[in-house]
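Step one of this worksheet: look at the structure below.
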Amino acid sequence: MISYIRGELAAVEPEKAVVDVGGVGFGVYMPRQALSLLPQPGNEVKLHTYLNVKEDALQLFGFLTRDDLEIFRLVIGVSGIGPKGGLNILSCMSPDELRFAILSGDAKAISAAPGIGKKTAEKLILELRDKVAIEDVLEAAAHGGEAQPQPQPDAAEGTMQAEAVQALVALGYGSAESLRAVRKTSPDCGDVEEILKEALKYLF
């Protein structure tokens, strides 16, 4: 099992990055969004990886954070969605956006990914709804997707933020834009109502 690779970014191709590790070039398939965030070739990169073993090939799928890798693992754990399908989904939406699509039952957003039909999207929602939570998104944001020692909201604050996001979604705002607005609010907000009032300013 290859948990991650670190080396010099040799090239960025349409579907994958080539990472030079000790003179060996590893081709790593990545979501389009992640590929666009890579530095210029010649710089060092670290990619969290999933090794897919096939009868005729070994394929490495890479992600910039462990959070991205973990949501990828959940997606490909759904029957009928393979690594390429999971990559297509995460090329069309961020892990945060996917979590909200799952929680809000937005099969249309998920089925926008190439090769993912409406029935497959609905199955993914059904199987993963109990495995993701808004708190996961807020926690990942606090950590920057990594286990870094950064200031993060306490349990009460995280719960208020989650409730605020849910309230905005209930009002008809998109899940991703609701999350972004709540993230921008001041940590000094004392209750859900204050968070909502401030978040709404960013939505108008």
Side-chain angles (χ1 to χ4, degrees), residues 4 15-17 28-38 47-50 52 59-147 152-153 158-159 161-184 199 202-203:
Y4 69 85
E15 294 185 345
K16 63 184 178 181
V28 186
Y29 292 96
M30 298 180 66
R32 287 194 302 272
Q33 292 183 10
L35 284 170
S36 69
L37 296 174
L38 289 173
L47 302 177
H48 299 270
T49 55
Y50 172 84
N52 183 47
Q59 297 174 314
L60 267 180
F61 293 83
F63 304 90
L64 298 177
T65 70
R66 283 197 296 272
D67 177 57
D68 293 7
L69 174 60
E70 289 309 310
I71 194 69
F72 175 76
R73 287 179 180 278
L74 286 177
V75 170
I76 64 175
V78 176
S79 176
I81 302 181
K84 282 297 181 73
L87 200 68
N88 286 340
I89 292 173
L90 290 173
S91 288
C92 294
M93 57 202 323
S94 71
D96 287 355
E97 291 168 339
L98 176 57
R99 285 192 179 97
F100 277 114
I102 292 169
L103 291 170
S104 61
D106 191 353
K108 183 178 180 181
I110 298 172
S111 61
I116 304 298
K118 182 180 179 181
K119 289 185 177 180
T120 301
E122 290 173 343
K123 184 176 183 181
L124 183 149
I125 290 170
L126 181 64
E127 293 192 18
L128 298 187
R129 181 169 280 165
D130 293 336
K131 297 181 180 179
V132 300
I134 290 176
E135 287 80 4
D136 293 338
V137 184
L138 296 170
E139 182 180 355
H143 288 84
E146 296 283 351
Q152 53 181 303
T159 299
Q161 290 178 332
E163 290 179 1
V165 172
Q166 290 173 326
L168 290 172
V169 172
L171 289 172
Y173 292 100
S175 54
E177 64 178 344
S178 297
L179 173 65
R180 284 194 290 268
V182 168
R183 281 182 179 171
K184 293 178 181 178
Y202 297 108
L203 290 169

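Sequential numbering from 1 along the given sequence is applied to the chain's residues. The shown structure was predicted, so the numbers you read here are calculated from the model rather than taken from an experiment.
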Item to check | Inter-residue atom distance Leu203.CG - Ser178.OG, 0.5 Å rounding | outcome: 6.0 Å
Item to check | For the student: nearest non-hydrogen atoms of Glu122 and Ala107, plus distance | outcome: CG-CB, 3.8 Å
Next on the checklist: Nearest 0.5 Å, please: how far is CG in Leu87 from CD1 in Ile81?
Outcome noted: 12.5 Å
Item to check | Leu35 side, atom CG; Glu15 side, atom CD - distance, nearest 0.5 Å | outcome: 9.0 Å
Next on the checklist: side chain to side chain contact (heavy atoms under 4.5 Å, CB included), that's the test. Do Phe61 and Ile76 meet it? Break it down for me.
Outcome noted: CA-CA 12 Å; Phe61 293 83; Ile76 64 175; over 6 Å; no
Item to check | Euclidean distance, Leu128 CG relative to Ile71 CD1, rounded to 0.5 Å | outcome: 7.0 Å
Item to check | Leu124 and Ile89: CA distance, side-chain angles, deciding distance, side chain to side chain contact (heavy atoms under 4.5 Å, CB included) verdict | outcome: CA-CA 11 Å; Leu124 183 149; Ile89 292 173; 3.9 Å; yes
Checklist outcome for this item: In short, Leu74 meets Lys131 closest at the heavy-atom pair CD2-CD, 4.1 Å
Checklist entry - With side chains defined as the heavy atoms from C-beta onward, is the minimum distance between Leu38 and Leu64 less than 4.5 Å? => result yes
Checklist entry - Does any non-hydrogen side-chain atom of Ile102 lie less than 4.5 Å from one of Ile110? => result yes
Next on the checklist: Once rounded to the nearest 0.5 Å, what's the spacing between atom NZ of Lys84 and atom OH of Tyr29?
Outcome noted: 5.0 Å
Item to check | Ser111 versus Lys108, closest heavy-atom pair with distance | outcome: OG-O, 3.1 Å
Checklist entry - Considering all heavy atoms of both residues, which atom of Met30 and which atom of Gly62 are nearest to each other, and what is their separation? => result CG-O, 3.4 Å
Next on the checklist: Nearest 0.5 Å, please: how far is CG in Asp67 from CD in Glu70?
Outcome noted: 8.0 Å
Next on the checklist: Looking at Asn88 and Pro114, would you say the former's side chain and the latter's main chain have a donor-acceptor pair under 3.5 Å?
Outcome noted: yes
Next on the checklist: So for atom CD, which belongs to Glu127, do other residues, nucleotides or ligands contribute more than 12 heavy atoms lying within a distance under 6.0 Å?
Outcome noted: yes
Checklist entry - Which is it for Leu90 and Val75 under the side chain to side chain contact (heavy atoms under 4.5 Å, CB included) test, yes or no, and what are the steps along the way? => result CA-CA 10 Å; Leu90 290 173; Val75 170; 5.6 Å; no
Checklist entry - Which heavy atom in Tyr202 sits nearest to a heavy atom in Ala181, and how many Å separate them? => result CD1-O, 3.9 Å
Checklist entry - Is Arg99 close to Asp96 at the side-chain level, that is, under 4.5 Å between some pair of heavy atoms? => result yes
Checklist outcome for this item: Closest non-hydrogen contact found for Glu97 with Met93 is OE1-CA, 3.3 Å
Item to check | Residues that Phe63 engages under ring-ring contact (aromatic ring centres under 6.0 Å, His included), provided they are two or more places apart | outcome: Phe72
